[in-house]
Amino acid sequence: STIIPLQFLPVEELYTPPLNIRLLDHRSFGVKPLVGTHMIKSLQEYRRDPVAMVQTIREKMLESGFGDAEYSIDMDFADSAVEAQHQPPATSTSSEEGEFKEDVDWWSKYYSSSGNEQLGRVYREKGYENMVVFEEELENYFDNFTDLAQSFPLFHGKRHEDEDLDEDKAVGYFKGTFRVYPLPADGSDPPPRMLKNVPCNQLVEVLVRVYIVKAFELQPQDPNGLSDPYLALKLGRFKVKDRENYVPKNLSPTFGKMFELDGTLPLESELRVQIFDYDLLSGDDLIGETKIDLENRFLSARRGVCGLPKRYYVAGPYKWRDAELPRQILEKWCATQALPPPVWRGNSQVYVNGKTCCLRDYETRGQVHKDWGPPEERLALYTLLDLGLVPEHIETRTLYNPLRPEIPQGKIQIFVDIFPKSATIPPPINITPRAPQDLQLRVIVYNVQDVVLSDTSFTGEKMSDIYVKGWLKGQDKKQKTDVHYRSLNGEGNFNWRYIFPFKYLPAEEVMVIKKKEHFFSLDKHEEKHPVTFVCQIWDNDIFTPDDFLGLLELNLNFMPKANKFAKSVSLDDLPDNEKGKPVPMVSLFDQKNVKGWWPMYEEGGPDQPRELTGKVEMELEILSKEDAEAKPAGKGQEEPNENPHLDPPNRPATSFLWFTSPWKSLRYIIWNNYKWYIIGGLVLLLVLAMVGLFIYSAPGALSQKLIAKL
């Protein structure tokens, strides 16, 4: 900092002369041409009275019962505090961290903080706190971080008083700030300086971590109305292009990337985050970019270098990730604000900036989480958040293209951490998008009952040739059983196994499917669907399309509980039943295996109720990839027919395809239905034959008998 010699200024701001900032270029032989100037018309916002401020703090300390003490504004850090800055934060010793990784992760916190009720449900149930998701740039909420370093545009040449400042015409910027102190009336020494504990003007090497979560509302760059976005970053001479990891055909890509860049402040203070559109044959197009002033964040007392979480964890998935501990940050903040250091009473009460903070006021439930840190660190963190320091956050920045500087090209959600390399740098957090698990769904269709009979045979019998079709909604591969021919009572027997491999995200409870949009597509796009098993009953027809008989859809995360007996199955067992009756629900992912009966139905028309068209007995099982390999099984009744072994279905003898079995057709179709007619016809033919034979032979026999008598 620089001290300007004492000046006598008017008390009234109206009569205060302006402050002129002039930038000169020192050249050889004493030549100092003017580069640019800036005029500050009002000094009101820079006026401070350090003596009155200290007196006010002393009076508040006496009122709070902390006693009186002589405090100097011009203080240095205690040796212990300086040494503590180089101690790493406490590491995790919790034995349950593996359990946390299965249930919650950084994305759980993100979804909960973004207001996604479904994806953030488990996170909220565990009692964790949300972070702040800013809808605009972070600097818009903290006065551009100009509390210590303001940017003043420098202009060259004359300007009329009524001419507005146009920063596009600026020849450069002066970064700094001012404090105007009143002089004592008795002519004593001037008041202490408030800007003494500011960062030095030497070069500082820093490590910048840029976490890029996702982008949305990107402007399309390709003829198909989409883009293939990828990320690029630039900090001074350091450039990164993540071209090989482009996201195909997406205007709202989820990146989940972390980039580390080395920089030197203040020489390399502007960070550029760019999004390009990947093109295979032509040059890549810039979709948009955003610029971040790292120096202002690094110098600001608001501490824009790393957001402060709402709780201080030393273990678990959300442990402390800053290079400094909360108590160190609090002492440093007091020093930069020219305030007395915090006054502690035990580890549950502290006096800072004229306010007494008590731990019990922040932890009202009285329960201490097993992963929380020491109470003094927790209280220091709560105090820092009350002082308005930057909280743990995600900022939403607008992207602009230099070719269309006034038109937004989309938005990007990011957060940036800045650590001086002289400090002990903590490990980065993992925001990699969740990798789905390889699972396998096995479904065994045992029997169906009470299926509607849709066909009428030529003998007049009501019948159906039943088969069951099943698939996971979103997948194109459908599987079906063999056909139970000529079901005369609505019963079908199958003992048939389906096998559906799929990729599953437990935290989001969705199935991930990657597929090409069409045959000529170069890349696969990703889709997410609820894990829904669809089961349908059909009537097989040879010369006409098959007839649909019934449907059942089961969301495997929230499915109705199965019935043990077919006779107890009804439409009231469905969660959306017309009576509004509550239905017990289960999750197949929790129970791993369920077996029983479910209703099959057909939707009615606009004014017609849903109709029960059958009942199906199934067994559903979820297996991991390792378990599926350890317990192999074949589709249908193919080998290996194990886990469990499926015997051929015990179907009645009347179940066959009529034109492939003519003798069975005669026996079970014609004979069973027309045997009395056949027997009657045979008897009638026999009688008619006997009568005919009698009529034919009677005249000859009679004439022979008469001749014999003569």
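All values below come from the heavy atoms of this structure, side chains included, with hydrogens, waters and symmetry mates left out.
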Output for pair (Lys411 NZ, Ser252 OG), nearest 0.5 Å, gives 12.0 Å
For Leu646 and Asn495 the tightest heavy-atom approach is CD1-O, 3.5 Å
| request: Would you sort out whether Gln536 and Val468 count as a side-chain contact (heavy atoms from CB on, under 4.5 Å), showing the intermediate values? | output: CA-CA 6 Å; Gln536 294 180 348; Val468 181; over 6 Å; no
Across all chains, not counting sequence neighbours, the side chain to side chain donor-acceptor pair (under 3.5 Å) partners of Asp541 are none
_Main chain of Asp647, side chain of Gln637: is a donor-acceptor contact present, judged purely on distance under 3.5 Å?_
yes
Tightest non-hydrogen contact, residues Ala215 and Ile275, listed as CB-CD1, 3.8 Å
Residues passing the ring-ring contact (aromatic ring centres under 6.0 Å, His included) test with Tyr211, sequence neighbours excluded, are Phe415
- Measure the shortest side-chain to side-chain distance between Phe216 and Leu251 over non-hydrogen atoms and say whether it is less than 4.5 angstrom. no
Applying side chain to side chain contact (heavy atoms under 4.5 Å, CB included) to Glu578 and not counting sequence neighbours gives Pro609, Arg610
With sequence neighbours left out, the residues meeting side chain to side chain contact (heavy atoms under 4.5 Å, CB included) with Leu505 are Arg434, Pro436, Glu508, Val510, Val512, Lys528
Discussion item. Given 3.5 Å as the limit, does a donor-acceptor pair link the side chain of Ser113 with the main chain of Met131, or not?
Written reply: yes
Applying ring-ring contact (aromatic ring centres under 6.0 Å, His included) to Tyr110 and not counting sequence neighbours gives Trp106, Trp107
Q | Check: Asp450 side chain, Gly614 main-chain N or O, donor-acceptor pair, under 3.5 Å | A | no
| So do Asn493 and Pro652 actually touch side chain to side chain, heavy atoms under 4.5 Å? | yes
Under a 3.5 Å distance rule, please check whether Arg124 uses its side chain to pair with a backbone N or O of Glu117 as donor and acceptor.
yes
Kindly indicate whether the side chain of Leu226, heavy atoms from C-beta on, has any atom under 4.5 Å from the side chain of Pro220. no
Query raised in the report: Is it true that a side-chain atom of Asn577 and a backbone atom of Leu574 form a donor plus acceptor pair closer than 3.5 Å?
Result: yes
Determine whether Asn540 and Ile466 make a side-chain contact, defined as any pair of heavy atoms from C-beta on separated by less than 4.5 Å. no
Those residues at least two apart in sequence (or on a different chain) that pass side chain to side chain contact (heavy atoms under 4.5 Å, CB included) with Gln479 are Tyr498, Phe500, Lys635
- Query: Under 6.0 Å between ring centres, would you say that holds for Tyr246 and Tyr230?
  - Reply: no
Exercise. Salt-bridged, Lys257 to Asp242, with N to O below 4.0 Å?
Worked result: yes
ring-ring contact (aromatic ring centres under 6.0 Å, His included) filter on Tyr123, not counting sequence neighbours, yields Tyr128, Tyr318
(request) Output, in order, the C-alpha distance, side-chain angles, deciding distance and verdict of side-chain contact (heavy atoms from CB on, under 4.5 Å) for Phe533 and Leu472. (result) CA-CA 5 Å; Phe533 173 68; Leu472 287 175; 4.2 Å; yes
### Cationic tip of Lys480 above Tyr467 ring, under 6.0 Å, 45° of axis
yes
(message) Quick one, Arg486 with Asp465, criterion salt bridge (Lys or Arg N to Asp or Glu O under 4.0 Å). Give me CA distance, side-chain angles, the key distance, then yes/no.
(response) CA-CA 5 Å; Arg486 291 182 46 77; Asp465 299 328; over 6 Å; no
**Q.** Any donor-acceptor N/O pair, Arg397 side chain to Glu136 backbone, under 3.5 Å
**A.** no
Pairwise side-chain contact, Ser624 with Leu439, heavy-atom cut-off 4.5 Å (strictly under)
yes
**Study point:** Ile513 and Gln475: CA distance, side-chain angles, deciding distance, side-chain contact (heavy atoms from CB on, under 4.5 Å) verdict
**Key:** CA-CA 8 Å; Ile513 300 175; Gln475 289 186 352; 4.1 Å; yes
Ser464 and Asp455: side-chain donor and acceptor closer than 3.5 Å? no
Could you go through the salt bridge (Lys or Arg N to Asp or Glu O under 4.0 Å) check for Arg121 and Glu125 one step at a time?
CA-CA 6 Å; Arg121 174 177 53 85; Glu125 290 175 354; 3.6 Å; yes
Q) Does the side-chain contact (heavy atoms from CB on, under 4.5 Å) test come out yes or no for Glu395 and Val133, once each step is laid out? A) CA-CA 6 Å; Glu395 57 177 309; Val133 179; over 6 Å; no
Across all chains, not counting sequence neighbours, the salt bridge (charged side-chain N to carboxylate O under 4.0 Å, His left out) partners of Lys567 are none
Which of Asp482, Ile444, Asn447 passes side-chain contact (heavy atoms from CB on, under 4.5 Å) with Phe494? It is Asp482
For Arg497 and Gly634 the tightest heavy-atom approach is NH1-O, 2.9 Å
- Query: Does CD in Glu244 sit with more than 12 non-hydrogen atoms of other residues, nucleotides or ligands closer than 6.0 Å?
  - Reply: yes
(Q) Could you tell me if Thr432 and Asn430 have a donor-acceptor pair between their side chains, going purely by distance under 3.5 Å? (A) yes
Would one find more than 12 heavy atoms of other residues, nucleotides or ligands at under 6.0 Å from atom CG of Asp576? yes
Applying ring-ring contact (aromatic ring centres under 6.0 Å, His included) to Phe134 and not counting sequence neighbours gives Tyr141, His393
Quick check: do Ile412 and Thr396 have side-chain heavy atoms less than 4.5 Å from each other? no
What pairs of donor and acceptor atoms, side-chain ones from residues 591-599 against any protein atom, are under 3.5 angstrom apart with sequence neighbours left out?
unit_1	atom_1	unit_2	atom_2	d
Lys592	NZ	Phe589	O	3.1
Asn593	ND2	Glu619	OE2	3.0
Trp598	NE1	Pro560	O	3.1

- Step by step, would you call Glu621 with Arg442 a salt bridge (Lys or Arg N to Asp or Glu O under 4.0 Å)? CA-CA 5 Å; Glu621 184 179 15; Arg442 294 181 181 178; 5.1 Å; no
What I want to check is whether the side chains of Asp573 and Asn563 have a donor and an acceptor closer together than 3.5 Å. yes
Set out, in order, the CA-CA distance, both residues' side-chain angles and the distance that settles salt bridge (Lys or Arg N to Asp or Glu O under 4.0 Å) for Lys631 and Glu642, then state yes or no. CA-CA 8 Å; Lys631 298 192 298 182; Glu642 300 294 339; over 6 Å; no
Pair Asn130, Tyr111: side-chain N/O donor-acceptor within cut-off below 3.5 Å: no
Across all chains, not counting sequence neighbours, the side chain to side chain contact (heavy atoms under 4.5 Å, CB included) partners of Asp277 are Gln221, Asp222, Ser227, Asp228, Asp279, Asp285, Ile287
**Prompt:** Looking at side-chain heavy atoms only, is the closest gap between Phe558 and Val531 below 4.5 Å?
**Reply:** no
In short, salt bridge (charged side-chain N to carboxylate O under 4.0 Å, His left out) pairs touching residues 543-565 with sequence neighbours left out are Lys473-Glu553
field: Minimum side-chain heavy-atom gap Arg651-His484 below 4.5 Å
entry: yes
